[in-house]
Amino acid sequence: MNQLELIARLKPETAKIDAAMRQDLASIGSPRLKEVLEYAIFNGGKRIRPLLLILAARLCVPQAGDDPGSGLYRLALAYEYIHAASLLHDDVIDHAVSRRGRATANRVWDNTHVILAGDFLHSRAMWLAGSLGGVDCLAALSRATAGMVEAEFLQLANAEEMSRSRERYFAALTGKTGLLIAAACESGAIFAGAGDELRRALAAFGNNLGLTFQIVDDLLDYLGDEGKTGKAVGNDFQEAKLTLPLLLALETAPEPDRDRLLQWLAAGPEERGAAFHEARELIDRAGGFTAARRQAEALTKEALEALAPFAGRPELSILQALTAYVLKREK
Ligand code: FPP
Ligand code: MG
């Protein structure tokens, strides 16, 4: 299945997820809260987490719910809500000014509105997971959310200590993105009543796909086209975040280049902002981008291998195409 076929296959599903979300948010009493949430949620997001939950459920049980009012779609919303809540909070933490080509909600309103809106989505998501997916789905989603918060703390410690440990980078990555996507896939299997083996296979697929997604995100932060990604390029370097391309470059760069990179990391954000293009050139010369892409490719391979128990199932080709898209995406 090529990318165009994938988009054609997923479009009706995305529309149904959006319809379910509009229906769910219609009951909110506070007009301002509704305004902030609509701004944060209906912004051209890819809906990857709810889509994966639905596809995972269908991989286990082909006839799993088809109607946006069904439990399956409503359960899937929980994953979009936690994702949206984490981005609302993340943009406050990162002092971000743009996301998906628009001003961040913290710029349109302020931190108070954004933090509260994120809290609302957080609790709504837990309620949906518990009431529609039962205790196992609630446990999967809460574990992933707690893991995301821990990963934020680990990321802070990594930045503070200028950690150059790949292990700690991957631990933060797993917590930030792998856990939630893994839990979305596993929750699809739980909803479909699948056994432990299939639950574990889908969780492993989701985790590896999530790691790929985040490494590509880290690459796009250096190499992306702002017109496509909707985010400013160079943010990670300016914030002194040691993401994979930079970590790998620090391992392989010749000493003078490495020292230069380290000097910028020890300097202030303004100096780093001004040095971004030069730093990118040094990382490229040290092979940091190529090596990071190779890691993403290896993780994609592991993701696809985890789907072996589903060989021959028609939904499999959609997940395979989605995996290829995550690796090749430019936005
Ligand atoms: C984006 O990272 C951030 C995340 C994927 C997760 C952030 C998680 C939290 C703030 C915890 C949320 C907690 C609750 C309870 C909802 P990034 O800054 O590297 O990516 P970006 O470039 O998209 O901003
Ligand atoms: Mg951020």
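On a predicted model such as this, the values are computed, not experimentally measured, just so you know. Positions are given from 1 along the sequence. Both ligands and their constituent atoms are indexed starting at 1 by order of listing.
The environment of Glu150 atom CD is sparse: at most 12 non-hydrogen atoms of other residues, nucleotides or ligands sit within 6.0 angstrom.
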task = Carefully, step by step, assess Ile181 and Asn207 under the rule side chain to side chain contact (heavy atoms under 4.5 Å, CB included).
result = CA-CA 6 Å; Ile181 297 187; Asn207 183 49; over 6 Å; no

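Of the residues listed (Lys11, Lys46, Arg47), the one engaging Asp18 in a salt bridge (Lys or Arg N to Asp or Glu O under 4.0 Å) is Arg47, and it is the only one. Applying salt bridge (Lys or Arg N to Asp or Glu O under 4.0 Å) to Lys241 and the options Asp218, Asp94, Asp217 leaves one that passes, Asp94.
Both the sub-6.0 Å distance and the 45° axial angle are not jointly satisfied by Arg280 relative to the ring of Phe289. Both the sub-6.0 Å distance and the 45° axial angle are not jointly satisfied by Arg49 relative to the ring of Tyr81.
Shown here are the salt bridge (charged side-chain N to carboxylate O under 4.0 Å, His left out) partners of Arg294, two or more places apart in sequence or in another chain: there are none. Listed by chain and residue number, Asp221 satisfy the side chain to side chain contact (heavy atoms under 4.5 Å, CB included) test with Asn235 (two or more places apart in sequence, or in another chain).
Under the 30°/60° scheme for interplanar angles, the aromatic rings of Phe276 and Phe237 are found to be tilted.
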Nitrogen or oxygen contacts under 3.5 Å, ligand 1 side and protein side:
residue  : atom   : partner : partner atom : Å
ligand 1 : 2 (O)  : Lys176  : NZ           : 3.3
ligand 1 : 18 (O) : Asp90   : OD1          : 3.3
ligand 1 : 18 (O) : Asp90   : OD2          : 2.9
ligand 1 : 18 (O) : Asp94   : OD2          : 2.8
ligand 1 : 18 (O) : Lys241  : NZ           : 3.3
ligand 1 : 19 (O) : Lys176  : NZ           : 2.7
ligand 1 : 22 (O) : Lys231  : NZ           : 3.0
ligand 1 : 23 (O) : Arg99   : NH1          : 3.0
ligand 1 : 23 (O) : Arg99   : NH2          : 3.3
ligand 1 : 23 (O) : Lys231  : NZ           : 3.0
ligand 1 : 24 (O) : Asp90   : OD2          : 2.9
ligand 1 : 24 (O) : Arg99   : NH2          : 2.8

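For the Mg ion (ligand 2), the neighbouring protein N/O/S atoms at less than 2.8 Å, given as residue and atom, are Asp90 OD2, Asp94 OD2.
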